[in-house]
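Below: one structure, written as structure tokens.
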Amino acid sequence: MNRNIYIYNTFSLSKELFKPINEDRVLMYVCGITAYDLPHIGHARAYITFDTIYRYLRRLGYNVVYVRNFTDIDDKIIKKANEENSAAENISSKYIGEYHKDMDALYVSSPTYEPKATETIPEMINLASGLIKKGNAYEINGDVFFRVGSFKGYGKLSHKNIDDLIAGSRIPVNEEKENFLDFALWKKSKEGEPSWDSPWGKGRPGWHIECSAMSMKFLGESIDIHGGGSDLIFPHHENEIAQSESYTGKKFVNYWIHNGFVNINSEKMSKSLKNFITVRDVLDKFHPEALRLFFMFTHYRSFIDFSFEGIESAKQSLLRLYQAVNLYGEFKKIIKENGVAVKKEDVSAKADAGGRTPENIENYRNDFYNSMNDDFNTAKAVSVIFDLVRKTNKIINDSMAQNFINSEDAVFLDSAALFIKESLSGIFGLLNDDPKRFIESNLINIAADGVVGRAYMNEEEIKKLIDKRNEFRKNKEYGLADEIRKSLLEKGIVLEDTGFGTTYRVTNLI
RNA sequence: GGCGGCAUAGCCAAGCGGUAAGGCAGAGGUCUGCAAAACCUCUAUACCUCGGUUCAAUUCCGAGUGCCGCCUCCA
């Protein structure tokens, strides 16, 4: 398999050929959530993005050690605990639980390790002490700050220079710190706050240090990939580099990967704008894979404008994928049971006579993998699959029409089905459902309370009308049958006569 | 103020030197009693504007316009 992956590195602002430190192993760290609220769709995008990268690297045969942490102690958690008259650890454990529920629902696979900040306190204290010893940090009244001026490369990731930062400063200078850019490695705790013993008295860790500590603990001093949302570039990742490299004297990370934001109406989601959409808001209305596909349609570095119309569109696309898989399954059944003959016929001979050239699955595979190797271009990769789907649909339909399938086509069809499963299911995390069930659930759309459609008819009523109509149809009284169908349509219910009987679904708003 | 990103069909979105992938929506067709669903086919002649480089630019360079982000916690 072609392992020439080019990754866009935030550090160099360009695509670089990926070369892991160890030939067959990839060390990857992704900044996790601060557990104080329900996950929103921005979290979903970040973790689906890195899940896809994780799955893809594994597909290429890499043994990936993937660490994704939890920040389970911080100001926001403490604030929430105070508001709810609860303990910080209750808040964090509650939201870690909610997070896991959502990630499971979205088929985001579990990382190798999911450490919590509070389980890494001794390592963080070590790091801070070491930095003080080296002169890269200093203590003032129980607080420990990193001395930004002591690290020459500060700003190299976010491409900022210190002078600009000072000029553009919007935060009031903390009198205690030597420099306003200096950031806390350790914070002295206030009365009643959760705290841990340290050489500087009771306190708790600053935010940035936890990722350095956890990354080093589980992956070592230098790693291949470090990822997160693009908002983390500055100051979080910049600070991680400063403290880690000051401490070890080694390069901390080789490839920095950052995903783009999810916007609402072209604007960043933020609590102050009240435009936050949680994962659950989406999952209430849509299949989790619709969200995944929605993200796959856009390159991970671009920002995405979220809208329910967009998810609806992705849902339709997903349905097309499931239909194709289902069609293939049905076709295989028909071949077996009803005898669609598999004939040996030279398709290429027919090509001259205006026929088509034989298909080669390798072309599709190459296109797909080349796209993914180009900085994980899922949008392009997914288009390859849609091309393939059109092709297989056509082969199946043609074969059904002529009542035989050419043996080359049969081979192509089987390998295509395998490849679709490998890519869509294995790498994109789609097609986890049984196709039949998925398609049916899209046809019959019954609200949880059994009330259907805008006219608020219940299922029983509709079924009665369907039976009545089918009576009319049997007697060829089509006029009367059509009247029933029309009356239901006016109430927003569409009838569909299928081989398995009549089903119905609620229409979109007219 | 400093730094950065984006502008491609009705909508979404790839491509980024040789005149435009894919999806949704829409239109035709096949199927069906008729429909619907499904499937197939079709759907960009100023790729924001103006200059420049080039045999050739949506793709590179410059200027401009518009939108957005980071510089504060944030995926």
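Lettering of chains follows the sequences in order, A, B, ..., and the numbering in each one begins at 1. Reckoned from all heavy atoms, side chains included, excluding hydrogens, waters and symmetry mates.
Within residues 74-82 of chain A, the residues that have a heavy atom under 4.0 Å from RNA chain B are, in order of number, A:K76.
Between the CG atom of A:L291 and the P atom of B:A75 there is a distance of 17 Å, given to the nearest Å. Put simply, CG on A:L157 is 18 Å from P on B:C3, counting in whole angstrom units. In this structure, A:N470 places its CG atom 14 Å from C1' of B:C34, rounding to the nearest Å. Rounded to a whole Å, the NZ atom of A:K486 is 13 Å from the C1' atom of B:A35. Rounding to whole angstrom units, CG of residue A:L388 and P of B:C40 are separated by 12 Å. Per the geometry, CG belonging to A:N161 stands 14 Å off C1' belonging to B:G4, to the nearest Å. Look at CD on A:E267: it is 6 Å from P on B:C68, rounded to the nearest Å. In this structure, A:K391 places its NZ atom 8 Å from P of B:U41, rounding to the nearest Å.
Of the candidate nucleotides B:A36, B:C68, B:A75, B:A75 has the atom lying nearest to any side-chain atom of A:D231. Residue A:Y47 places its side chain closer to B:A75 than to any other of B:G33, B:G2, B:A75. In this structure, of B:G33, B:A37, B:A75, it is B:A37 that holds the atom nearest to the side chain of A:E496.
Classification of A:K464 and A:D467 as a salt-bridged pair fails, no side-chain N sitting under 4.0 Å from a carboxylate O. With respect to A:E98 and A:R280, a salt bridge is recorded, a charged nitrogen being found less than 4.0 Å from a carboxylate O. The residues A:D375 and A:R301 are annotated as salt-bridged, a charged nitrogen and a carboxylate oxygen being separated by less than 4.0 angstrom.
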Strictly under 3.5 Å: I want the nitrogen or oxygen pairs between protein and nucleotides 64-67 of chain B, one per line.
none

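Ring geometry for A:Y99 versus A:Y47: interplanar angle over 60°, hence perpendicular rather than tilted (30 to 60°). Using a 30° and 60° split on the angle between ring planes, A:H159 and A:F11 fall in the tilted class, from 30° to 60°. Using cut-offs of 30° and 60° on the angle between ring planes, the pair A:F234 and A:Y154 is perpendicular.
In this structure, A:R68 is not positioned above the aromatic face of A:Y113 in the sense of NZ or CZ being under 6.0 Å from the six-membered ring centre and within 45° of the axis. Geometrically, A:K79 does not engage A:Y36 in a cation-pi contact defined by less than 6.0 Å to the ring centre and at most 45° from the axis.
Among the atoms of the strands shown, only primed sugar atoms or phosphate atoms (P, OP1, OP2) are found under 4.0 Å from some heavy atom of A:L232. Residue A:G228 is in sugar-phosphate contact alone, with no base atom involved, counting any heavy-atom pair closer than 4.0 Å across all strands shown. Within 4.0 Å (heavy atoms only), A:R469 reaches at least one base atom of the nucleic acid. Heavy atoms of A:G227 sit nowhere under 4.0 angstrom from any nucleic acid atom.
A gap of 16 Å separates the C1' atoms of B:C67 and B:U8, to the nearest Å. For the P atom pair drawn from B:A14 and B:C6, the interatomic distance equals 11 Å after rounding to whole Å. Nucleotides B:A46 and B:A57, compared at atom C1', are 13 Å apart to the nearest Å. Rounded to the nearest Å, the gap between the P atom of B:A21 and that of B:U43 is 10 Å. If you take atom C1' in B:C48 and the same atom in B:A44, they sit 15 Å apart, rounded to whole Å. Of the P atoms belonging to B:U53 and B:U58, the separation is 15 Å, rounded to the nearest Å. Comparing B:A36 with B:G29, their P atoms are spaced 11 Å from each other, to the whole Å. To the nearest whole angstrom, the two P atoms, one in B:C16 and one in B:G22, are 16 Å apart.
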Sugar-phosphate atoms are those with a prime plus P, OP1 and OP2; base atoms are the rest. Using that split, label each nucleotide of nucleotides 12-27 of chain B B, S or - for protein heavy atoms under 4.0 Å, 5' to 3'. -SSS-----BSSSS--
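A donor atom on one side chain and an acceptor atom on the other are found under 3.5 Å apart for A:Y364 and A:E359. Inspection of the A:H208 and A:H237 side chains reveals no N or O donor paired with an N or O acceptor under 3.5 Å. A side-chain donor from one of A:H226 and A:E240 sits under 3.5 Å from a side-chain acceptor of the other. No side-chain donor-acceptor contact under 3.5 Å links A:E114 and A:S110.
Across all strands shown, B:U54 forms no Watson-Crick or G-U wobble pair with both distances under 3.5 Å. Across all strands shown, B:U19 has no partner, as no Watson-Crick or G-U wobble contact with both distances under 3.5 Å is found. Within the shown strands, nothing qualifies as a pairing partner of B:U32 under the Watson-Crick or G-U definition with both distances less than 3.5 Å. Across all strands shown, B:U59 forms no Watson-Crick or G-U wobble pair with both key distances under 3.5 Å. Of all nucleotides present, none satisfies the Watson-Crick or G-U wobble test against B:C73 with each distance under 3.5 Å. Judged by Watson-Crick or G-U wobble contacts below 3.5 Å, the nucleotide B:C48 has B:G64 as its partner. The base-pairing partner of B:U41, taking Watson-Crick or G-U wobble contacts with both distances under 3.5 Å, is B:A27.
Applying the 3.5 Å distance criterion, the base of B:G33 shares a donor-acceptor pair with the side chain of A:D482. Between the side chain of A:R301 and the base of B:G5 there is no donor-acceptor pair of N/O atoms closer than 3.5 Å. Interface remark: the A:R45 side chain does not form any donor-acceptor pair with the B:A75 base, using a distance-only criterion of under 3.5 Å.
The nearest heavy atom of RNA chain B to A:K268 and to A:Y36 marks one nucleotide each, and the one closer to the 5' end goes with A:K268. Position along RNA chain B of the nearest nucleotide to A:H159 versus A:A324 favours A:H159 as the more 5'-ward residue.
For A:N393, a side-chain nitrogen or oxygen approaches OP1 or OP2 of B:C40 to under 4.0 Å.
A distance-only check finds a donor-acceptor pair linking the side chain of A:D72 to the backbone of A:T118 [under 3.5 Å]. With hydrogens and angles disregarded, a donor-acceptor distance shorter than 3.5 Å links the side chain of A:D182 to the backbone of A:V148.
A distance of 4.5 Å separates NZ in A:K380 from OG in A:S371, rounded to the nearest 0.5 Å.
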